[in-house]
Amino acid sequence: MTAETLSAKPASAVWYRDPRIRSILFQVVALAAVIWVGWYLANNTVQNMERQNIAAGFGFLETTAGFGIIQKLIPYSETSTYGVALIVSLLNTILIAFVGILLATMLGFLIGVARLSSNWLVRQLATIYIETFRNIPLLLQIFFWYHAVLKPLPGPRESLTIFDSFFLNNRGFYVPSLKSGWGTLSIVLVFIAGIVVTKLISRWAKARQEKTGEQFPMFAVGLALIFGAPAVVWLILSFSIGYEVPKLTGFNFEGGVNIIPEFVAMLIALSVYTASFIAEIVRAGIQSVSHGQTEAARALGLRPRPTLNLVIIPQALRVIIPPLTSQYLNLTKNSSLATAIAYPDLTSVFAGTVLNQTGQAVEIIAITMAIYLTISLLTSAYMNWYNARKALVER
Amino acid sequence: MSDAPPKYEVGDHPDMPAPLTTTGIIGWLRANLFSSPVNSVFTLLFGALIIWLLPKLLNWAFFDAVWTGTGAKDCLTSPDAACWAFVSVRWDQFMYGLFPETERWRPDVVAALLVLALVPLMFERVQLARLLRGAAIILGPIFIALLYFAFSGEGVRAWPFNLIVLSLAVVALIAAQSVYPRLRRWLAGFLMFVFPILAFVMLLGLSKEAVQAWPYWLMGLSAVGLAIMALLPRHAKLTGRSLPISVALVVLFVIWGVALPSNWTVGLAYGVGSAQSQGATVTVIIAAVLTMLPIVLMVAMLLAPRTRSSVLDRFVLACIFVGVFAFLGNMLLIQAWDPVRGDSPPWVMAFAPAAFAVAALAPWGYGRNAGLPGKIALGLAPLYVLIAYWVLFAPPDFLNLGIFDWQTNTVPFFRGMQEVLPYVETPKWGGLMLTLVVALTGIVASLPLGIVLALGRRSNMPIIRSISIVFIEFWRGVPLITVLFMATVMFPLFLPEGVTFNQLLRALIGVALFSAAYMAEVVRGGLQAIPKGQYEAADALGLSYWKSMRLIILPQALKIVIPGIVNTFIGLFKDTTLVSIIGLFDLLGIVQAGLTDQKWLAPNVPYTGYVFAALVFWVFCYGMSRYSQFMERKLDTGHKR
């Protein structure tokens, strides 16, 4: 009897059952479908744009804008181009996102820790805050704060004023600004130097603690350097720095810095809304640290406050940071709701006014989406890098 | 020796009561509010804040508020308090938008059906005693309030009684689940397949064009259904399920019985009578024979006990599709073919018999495993796809629509339907109804797409994975408002000339695509949480990719991420307010529109409007988040520390 040899062929040798061939086939079909859909849409778009005589291309960025923007961080006027309007609105978006993230983080951490307080009243108030602001749409909150902030304020001629230098009216909050020159520059330089020096000192303090175990009052020193030093410089120079005080000329104020009510309303709404989510993230992070850590710290004789700072929060941060970055991203994207109250951010100015004026929908929306997409992808990339660095190394 | 203290053995001493400062309310205060100097300061501070703030809020909302009125002058009687008269007068607008008043029963019915089908699905395996006790506690006060509303005011109002009946029906369904577990499958099937179509028809109504196009749509979809059925392998034998199937078959026979004699024999008479060519007559007669044959066959098999069960379980779906196809095809036959013109009957006639042939082969099973009849059915599948494409997209004059006289040839059934459900254009939809429509459509549309994307992102095929990643990251990286702008402004450019979507449909597509990306990430989290052993076990059992996904992985993954899905739904519900920026009047939009009304220009009206909208959203979102926490607790079988 001849020995039976196992056949080397698969059970079913038909070509369309081979997993590799099927995989290639599916991928080719999927790619072809995507390309066909893309071509079909692009073709229709080109035909429709030709038919409706809509201009194509990015030449409109060189055209004069013809409209004003009420908040501009770089020089801008009605004769500037659409390209400059794009930059101005982008800077406004970045400004409100940045300040909003700062405020939301501070408020969120505060409320998150309050949610775990041993004081029943504080705990309940934090819970009420979170449950209230999480469950109401952001757009509604924006409208509410805008009407609450703007409506009661008087007109420019009847502004509320402090020392005749600070003015509050329904056009905004007017603050005297420092005249640019030696004095202002030195204050700014001292501020930046303070940050850098604080960073260096903190590195040195950490190394010292690793070696000797002695703690350094980093928080107080850092606060003094970053905020105290410029304050001291300002006090010294306060007699020689010039201020630009807002002056009522005609119907409006000239000079000084104007914080528009739309900015304040957006800022409050965004911060309060995002803080409620951040509070829950912080609470979840702190609760994710095993209770054994707290018990071990107590067994070592650490009081509650140092336990929180030295043992719990560093471990909690690992759990907190990814969803926190997600919330930062949400805040940046939610800032686009400024369209509703005409705060001049990217969506409101570029995908709103410029779109209406030029009618070039495809280019404008493509640029807007590309900018938001870039911000999102950069933040995601950073978060992935941070996650990979801090991830627990497991089997 | 008198009054000597009692003697106790060591260890037998009774316990002394705890110190006063650790028990009761004093103990609670000390432990929770005043446990440390810092805590005491906080308590005093926040306590003072509450004591100052709470009466102001209560005054604003209740005690000083204006509850009845007709205009701004009533609101101005207490300008520092809420003017709820604004809300009560405009209540119907806030709920339904500009929906015509006589048609408001339609959204009501749709909402009632949704609640009836959805709420029992949300609570499974509830013990009867606990359910009745919980229902009594929650619903008792609500019923009392509703009865108060019913009888206060002039005459007896109907809507509180409707709500009471609805709540009792829901409780009954929840209780019935534990008695008849199969009920959940029926409710889920209703919710997934029947409810969307029903809601679409009831909310939109029937326009002339819709009624005209309906038969073609249904025919086309039936053809697609038949094609899919031909590809499905043979069903397993299903005994013990015959009652519902028999009911379905009876209903189908009724439709056939009503339709076939009236339209088909009339058509046959027309066909034979006025056909100009002999070929046409032959076609008609062959069609007649082929049409009757499967029916005769099926009836014979039903009567014979040996073949009865195989007919029952394999035939029912085929019957539904064939019934729709044949019924409407016959109807169209008559209407699309004007005997005055005297042309030969349209091509449609020839395909109806093919449908019956497929149905006749059904008892032998479809697909690859069913022997020669199954292979024939499989071969007919491309034919059905062709029919579907042709019926749905072919130019109208091909099917003689040009000579179709609407007034004389409309089937009384559809005309009657059009009077029951007149067309309500989507710009008239608004208020809470529109918010719910957008949110529910978004979730229902994004769930399958999200699952497909999540599976694609975890796929081993690089191109599929790249396509999924690009899609997900793109839609997650842009704000919803830019997506809505894109939908409003760019969709008309994407479509070929002459085809337009209405504004609501554009917004729905934008919202669905946006939320599909978020849903994909949620489902991906669930897929990652399944232990690798499950995938390996499925492979070891020899299950194909789709079989293992459908039977093993997805049921577990979707169950784990139910809280995540509910969270996404809460976010979507809040995001529906953004459609007010592109001109759709959802709840927020219609409240804002109401604020510009001349009759209601008072300083407290905007605050009232916004607080009302906030309250409605809060009730929905908070309720859903509590449900999500409830589900999480149910699903979390791990140990608590």
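Protein chains get the first letters and strands the later ones, always in sequence-line order, with residue 1 at the start of each.
Between B/F494 atom CZ and A/N44 atom CG the span is 9.5 Å, to the nearest 0.5 Å. Between the CD1 atom in A/I136 and the CH2 atom in B/W618 there is a gap of 9.0 Å [rounded to 0.5 Å]. B/F34 contributes atom CZ, which lies 11.5 Å from atom CH2 of A/W120 (distance to the nearest 0.5 angstrom). One finds the CE atom of B/M461 at 9.5 Å from the CZ atom of A/R22 (value rounded to the nearest 0.5 Å). Taken from OG in B/S625 to CD1 in A/I130, the straight-line distance is 11.5 Å, to the nearest 0.5 Å.
No other option in A/T45, A/L337, A/N135 has as many heavy-atom pairs under 4.5 Å with chain B as A/N135.
Only the side chain of A/Q52 comes within contact range of chain B, with heavy atoms under 4.5 Å apart. With a 4.5 angstrom heavy-atom cutoff, A/E131 touches chain B via backbone and side-chain atoms both. For A/V34, the part lying near chain B is the side chain, with the backbone staying farther off; criterion is any non-hydrogen pair under 4.5 Å. Contacts between B/V591 and chain A at a heavy-atom distance below 4.5 Å are absent for every atom of the residue.
Using a 3.5 Å distance cut-off with no hydrogens or angles, the side chains of B/N39 and A/S118 do pair a donor with an acceptor. Neither side chain, A/S23 nor B/N460, offers a donor N or O lying under 3.5 Å from an acceptor on the other.
The aromatic rings of A/F144 and B/Y607 sit perpendicular to each other, their planes meeting at more than 60°, with 30° as the lower class boundary.
Using a 4.5 Å heavy-atom threshold, the side chains of A/L125 and B/L49 count as separate.
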Evaluation steps, side-chain hydrogen bond (donor to acceptor under 3.5 Å, both in side chains), between A/N119 and B/T43: CA-CA 8 Å; A/N119 188 329; B/T43 304; 2.8 Å; yes
Donor-acceptor pairs under 3.5 angstrom involving side-chain atoms of residues 364-374 of chain A: please list them, not counting sequence neighbours.
unit_1, atom_1, unit_2, atom_2, d
A/T368, OG1, A/I364, O, 2.7
A/Y372, OH, A/T347, OG1, 3.0
A/T374, OG1, A/A370, O, 2.5

